Each structure stands twice: as structure tokens, then as C-alpha cells.
2 protein chains.
Amino acid sequence: MLKISELSKKTGLTAHTLRYYEKHGLINASNRSEAGYRFYTDSDVRRVQFVKTARNTGFSLEDIGQLLSIRVDKLSHSCQEVTDITRKKLDEVSAKLTELQSMQQTLQLLLESCCGGPENATHCSIMEALDAGLLLDREAASRTEQQGETK
Amino acid sequence: MLKISELSKKTGLTAHTLRYYEKHGLINASNRSEAGYRFYTDSDVRRVQFVKTARNTGFSLEDIGQLLSIRVDKLSHSCQEVTDITRKKLDEVSAKLTELQSMQQTLQLLLESCCGGPENATHCSIMEALDAGLLLDREAASRTEQQGETK
DNA sequence: TATAAGCTTAGAGTTAACTCTAAGGTCAAC
DNA sequence: GTTGACCTTAGAGTTAACTCTAAGCTTATA
């Protein structure tokens, strides 16, 4: 039976975060001392570690809530439910990745185009590119279109 | 001279967002009607488009504030200042990219490992992997270390 | 002239996941 | 018996970039 600071050390999550997770229904301390101190069982610890692993994998706390309800009653849930959550997250991550890759490419091009020296910025090619809106041909285009479509 | 809704149409930014940018010192309407309506000059429009392009490139509003102060007085600023801001942003984007790529890989492996079928989740390999904390060998490890180091 | 569309401001709400504070109770050690 | 470390709770603050609301003018149209 671990106290919250011991669980904190064991998991690398702060006591604050552990209480936050509890408040949001993700974890719990199976026992309390007479004074109200939380005491965590091995089972509690495993659940916290599950949450941490899922968090590190990119799942939101809401996702994790769903995964946890599957975890405690696996018989009533299917693999498909699990893959649905996972695929949805993968799609989100992939979309974000595409966006960031586009940004990365643009930023690299900008850096390559500029001398980066102590000269004044009168003819700075980065400033010129931003002024010209040249980047709109790439990432901005898709986002601008999406904005227009959702109106 | 454009009214705010006209500028909104022209830029794809909402009037709300334009006022928000103004409140945060990024843009301004050079003129106002007697009734207080904002009127934007061509120069104002170009500045707004600069902000939009920079935003699409990944710069934060704070970054853009710096870029704008360079933009209005290029003689007093160097290319290096511009590349510093750009490189810092590129580093951020690259770091985030690495993290997301790791997540993507993990999520893909999880999906490949699971049947995803209507079977109950008793032996779901995704649940097992999250339970085992297997992913900690990859991305979580670096983040856990960072957390430990910054303590 | 009445209606609707559009403009103004100040300020509150949203989102996610913490992060921190205040006020106070508990516990082990010296 | 008094420090000091640790625990409790409720609730406020943080971050970024919007997004929306309310209450009230202004303007164009029919």
C-alpha cells in the first residue's frame, strides 16, 4: 500500500496530477487511512501505469476513460471498440503530423533563403516571403479551404 | 477602405479574430468612421495578410508581434533577428514532429497487433500492450527522463 | 419609418491538462 | 511538544488563440 507521494515517485506523475486524474474519474485509491490519506494497492498502481502509458501514446484523458472502462470489463467489449479508439487517435496524429511537416518544410525553405547575417532586414527574404504570402500555395491553402467549407 | 466584414471576406479571418488581433497589438485600422466603424487601408490589409501567412507557417502571435516590429523598421533590425525567430520555431516544430512520429509509430504497431474484430477484449493485444507499458521503451522514455531532469 | 444587417465595446466562455494556492489536519522525529 | 514534512479539500490560475455574448449604436433597404 503506497501513499500518494510514493505512487508519485513510482510513476513519475506528481501528486497533484494523481489527484487530478482521480477527480476526473480515471483512477482511485482503493483505501484510505483513518485520517483520509490515500492508500494505493498494486492493482491501483497498475491502473495508474496504464493511464500513463496511454497518455504517453497520445490518448486524451477522455480516450483513456473509455479504454479504462473496457479494461475493467473486457468481456463486455470487443477488440473493435479498442481499435476504433486507437484508429481515431492515429488519424488525429497523422493529420497533425502532415500539418507540422508542411510547416517544417516552409520554415526550412525560409531559413535556406535568408543570409541570417548582421545586415539590416531591408531585403530579408524571409520577410519578403511572408509579405508575399507565398506559402499560401502549400499548407495555408488547405486550411483556408477547410475554413471556407465549414462556414 | 474596407469595413471589417469586407476585410474578413478578403482574408478569411473572422471579424472577431481581427478585433482580437487588434486588441493584442498585431494589427490596426488606420481610420475610423464618425460612428467608430473601422476602416482598413491597403497597407492595413497587407499587414493582416502578413499576420495570416505567418500564422499559417506556425508562428505564434507573440512571434508575429516580433516579426511585425521588424517589418515596420527593417533598417533597425538584422536578418539574424529574423532567422533566430524562424529557427526557434523550426526547432519547436521539429521537436513536436519527433514526438508525434513516435506516437504514430506506436499507434500503428498497436493497430497491427490487434484483430479489431467483434471478439471480446479479453485477449486484446492493444490492451495488453498498454497494460505492459511496453511503449515506455520508445517515446515515453524520453519524456519521462525529461520530467525527471527538470525536477 | 421600421426592419434587418452590420458595427461597437467590455468581458465572459472554451479547450485540455494540468498546476498551484490556501487553510488546515496528521505524523514521525528530536 | 514543537518543528517540518506530508496529507487533505475546494477552488483558482495557467496557456494559446480564439469564440461568443450582451447591450446598444449605425446604416442601408423597402
Side-chain angles (χ1 to χ4, degrees), chain A residues 1-29 31-40 48 51-52 54-66 68 88-89 92-93 96 99-100 103 140 143-144 146-147 150-151, chain B residues 1-29 31-40 48 51-52 54-66 68 89 92-93 96 99-100 103 143-144 146-147 150-151:
Chain A
M1 301 276 264
L2 301 179
K3 280 193 288 185
I4 197 164
S5 63
E6 294 164 333
L7 179 58
S8 170
K9 266 168 216 150
K10 188 150 194 162
T11 59
L13 303 169
T14 70
H16 279 306
T17 298
L18 291 167
R19 290 193 202 96
Y20 175 82
Y21 285 174
E22 180 181 309
K23 188 156 60 176
H24 288 72
L26 297 181
I27 65 171
N28 197 41
N31 302 294
R32 292 274 186 142
S33 74
E34 287 187 3
Y37 284 27
R38 289 169 178 80
F39 281 117
Y40 297 92
V48 171
V51 171
K52 194 193 175 188
R55 200 77 196 75
N56 285 334
T57 308
F59 290 108
S60 68
L61 298 190
E62 193 185 339
D63 294 332
I64 294 172
Q66 292 180 48
L68 285 169
K88 180 171 139 285
K89 177 53 58 180
E92 286 173 26
V93 167
K96 189 76 188 168
E99 188 186 349
L100 284 175
M103 285 180 184
R143 246 189 301 170
T144 304
Q146 284 173 354
Q147 286 171 359
T150 56
K151 260 181 200 162
Chain B
M1 301 276 265
L2 302 178
K3 278 194 289 184
I4 197 164
S5 64
E6 294 164 334
L7 179 58
S8 170
K9 267 167 216 151
K10 187 152 195 159
T11 59
L13 302 169
T14 70
H16 279 306
T17 297
L18 291 167
R19 290 192 203 97
Y20 175 82
Y21 285 173
E22 180 181 309
K23 187 156 62 174
H24 287 72
L26 297 181
I27 65 172
N28 198 42
N31 302 293
R32 291 273 184 144
S33 75
E34 286 187 4
Y37 283 28
R38 291 169 177 80
F39 282 118
Y40 296 92
V48 171
V51 172
K52 195 192 175 189
R55 200 76 197 78
N56 285 335
T57 308
F59 291 108
S60 67
L61 298 190
E62 194 186 337
D63 295 331
I64 294 172
Q66 293 180 48
L68 285 169
K89 177 54 58 181
E92 286 173 26
V93 167
K96 190 74 189 169
E99 190 187 348
L100 284 175
M103 285 180 185
R143 246 189 300 171
T144 306
Q146 284 172 354
Q147 286 172 359
T150 55
K151 258 181 198 163

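We name chains A, B, ... by the order of the sequence lines, and we start the count at 1 in each one. Because the structure is a prediction, the values reported are computed rather than measured.
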What do the steps show when you test Lys89(A) against Met103(B) for side chain to side chain contact (heavy atoms under 4.5 Å, CB included), and what is the final call? CA-CA 10 Å; Lys89(A) 177 53 58 180; Met103(B) 285 180 185; over 6 Å; no

Comparing nearest nucleotides in DNA chain C, the 5'-proximal residue of the pair Tyr21(A), Tyr37(A) is Tyr21(A)

Of Lys23(A) and Phe39(A), the one whose nearest nucleotide on DNA chain D sits closer to the 5' end is Phe39(A)

Could you tell me whether Arg19(B) contacts a base, only the sugar-phosphate backbone, or nothing, with contacts defined as non-hydrogen atoms closer than 4.0 Å? base

Identify the heavy atoms of Lys3(A) and Tyr37(A) that sit nearest to each other, and give their distance. CD-CD2, 4.2 Å

How about Glu62(A): does its CD atom have over 12 heavy atoms from other parts shown lying under 6.0 Å from it? no

Can you give me the first and the last nucleotide of DNA chain D (5' to 3') that has an atom within less than 4.0 angstrom of a non-hydrogen atom in chain B? dA17(D) to dT27(D)

I'd like to know if the side chain of Thr57(A) and the backbone of Phe59(A) have a donor-acceptor N/O pair within less than 3.5 Å. no

Lys52(B) side chain to Leu13(B) backbone, donor-acceptor under 3.5 Å: no

Provide, to the nearest angstrom, the distance between the CZ atom belonging to Arg32(A) and the P atom belonging to dC27(C). 14 Å

Position toward the 5' end of DNA chain D (nearest nucleotide), Ala35(B) or Ser60(B): Ser60(B)

Yes or no on ring pair (Phe, Tyr, Trp, His ring centres under 6.0 Å) for Tyr20(B) and His24(B), after CA distance, side-chain angles and deciding distance? CA-CA 6 Å; Tyr20(B) 175 82; His24(B) 287 72; 4.2 Å; yes

